[in-house]
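Report on one structure; see the data block that follows.
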Number of protein chains: 2
Amino acid sequence: MFRINKLTDYAVVLLVDMARSDRVRAAHQIAADTGVPVPTVAKVMKALVRSGLVRSTRGAAGGYLLARPAERIAVADMIQALEGPIALTACVEDADETCDRETFCPMAGHWNRVNAAVRRALEGITLADMAAEPASPHWSTTAPASRAAGGGEAGERRVSMASS
Amino acid sequence: MFRINKLTDYAVVLLVDMARSDRVRAAHQIAADTGVPVPTVAKVMKALVRSGLVRSTRGAAGGYLLARPAERIAVADMIQALEGPIALTACVEDADETCDRETFCPMAGHWNRVNAAVRRALEGITLADMAAEPASPHWSTTAPASRAAGGGEAGERRVSMASS
DNA sequence: TCCAATCGGGACTGAATTGGTCCCCTATCG
DNA sequence: CGATAGGGGACCAATTCAGTCCCGATTGGA
């Protein structure tokens, strides 16, 4: 289903929460605010700190804070923080080892174009956008309406694989 | 790492191969041409047929053929054929049940914007683009050897992703 | 000077998903 | 009527993911 990890999902939730209240808060506080289990918050925060999106203060009265204003944190940054470089396939440019089967890459660098397109799309949306209070209580905006609209378009929550 | 399934990767390989030689070919022939194991080709093809990207002919002398010209098959179509609707999170529009924890969706429909952006990016690239002979790939175009027999296999196209 | 509060880095385990194979049925051609 | 080819799952092994926990390092305050 082409989805991000649940941990990444958590990361976004946490970041949104941090963007809304920019105070230094400890992991357990953020956990209490968001409903995400404390150990999970800690785990996600480690990744966010490592990737430079969040600043941490250690010791008593320590906690976490956004490293940059929310406008300068893109969705791409969040995903990359948790899942590494954005690449739909393992076949990316810096693959020093050629694919084991030559016949596999007759499309060679074509995936890179796809990766770039996706990355660009994800760089165009920021944490500030995600943290913005939704205009309507429920979702009503966004009418994608490009293609696929006819009937499909809908995954159930917890959508599983196509077949089952 | 935000990647597609391996089966989807195979699907693209298979489709590219079909786009380049538009003859009706049996699964085992396509398998021989691409190096993908026969049962896997069969499995992928089933999904492609079900989603309407590929036409199949049964019976003796049967086989597969693209249902549309490659220019009208988008990368988004291929991904959706194998993985269902494109949505980065399970939290999509038609989720009739609110997320189990209210605090989880303070961003409400913001993910939809992201999903739409990604989908649009993937709709902008077609199978024809992927099938185009690469101008300057990294790996000098290797001759289409029919399956590296050796049995080595060891499928290690894995590249980054180990970072986290 | 200690102690308590917090973060940092992994290790570890159970569960879920994926990948790949196989079996049997149906359809078509010669 | 037999051989060839796809259709639809069922099935198991392997990989990956999610979540928890432990211990060391750091800091502020009593």
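Just so you know, these numbers use all the heavy atoms, side chains as well, and skip hydrogens, waters and symmetry mates. First the proteins, then the strands, lettered A, B, ... as listed; each starts at 1.
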Nucleotide [N], atom [atom2] - distance to [atom1] of [X] in whole Å:
{"X": "B/Q29", "N": "D/dA5", "atom1": "CD", "atom2": "P", "value": "7 Å"}
{"X": "A/L48", "N": "C/dT6", "atom1": "CG", "atom2": "P", "value": "19 Å"}
{"X": "A/R25", "N": "C/dT6", "atom1": "CZ", "atom2": "P", "value": "13 Å"}
{"X": "B/K46", "N": "C/dC23", "atom1": "NZ", "atom2": "P", "value": "13 Å"}
{"X": "B/K43", "N": "D/dC12", "atom1": "NZ", "atom2": "C1'", "value": "11 Å"}
{"X": "B/R55", "N": "C/dT28", "atom1": "CZ", "atom2": "C1'", "value": "15 Å"}
{"X": "A/L7", "N": "D/dT16", "atom1": "CG", "atom2": "P", "value": "16 Å"}
{"X": "A/L65", "N": "C/dT6", "atom1": "CG", "atom2": "P", "value": "16 Å"}

Less than 4.0 Å between a side-chain N and a carboxylate O, is that true for B/D77 and B/R68? yes

Residue [X], side-chain atoms from C-beta onward, closest of [options]:
{"X": "B/S56", "options": "D/dG6, C/dG8, D/dG19", "value": "D/dG6"}
{"X": "A/R58", "options": "D/dT26, D/dT20, C/dG10", "value": "D/dT26"}
{"X": "A/Y64", "options": "C/dG8, D/dG6, C/dT21", "value": "C/dG8"}
{"X": "A/K6", "options": "C/dG8, D/dG19, C/dG10", "value": "D/dG19"}
{"X": "A/P37", "options": "C/dT17, D/dT20, D/dA10", "value": "D/dT20"}
{"X": "A/N5", "options": "D/dT16, D/dA18, D/dT20", "value": "D/dA18"}
{"X": "A/A27", "options": "D/dA18, D/dG7, C/dC7", "value": "C/dC7"}

On DNA chain C, compare the nucleotides closest to B/A60 and B/I4; which residue's is nearer the 5' end? B/I4

Got a donor-acceptor contact below 3.5 angstrom from the [X] side chain to the [Y] backbone?
{"X": "A/E83", "Y": "A/I4", "value": "no"}
{"X": "A/S21", "Y": "A/M18", "value": "no"}
{"X": "A/R20", "Y": "A/A131", "value": "yes"}

For D/dC17, does OP1 or OP2 lie under 4.0 Å from any side-chain N or O of A/Y10? no

Could you say whether B/T57 or A/T40 is positioned toward the 5' end of DNA chain D, judged by the nucleotide with the nearest heavy atom to each? B/T57

Looking at every non-hydrogen atom in both residues, tell me the closest pair between B/A70 and B/T126 and how far apart they are. O-CB, 3.7 Å

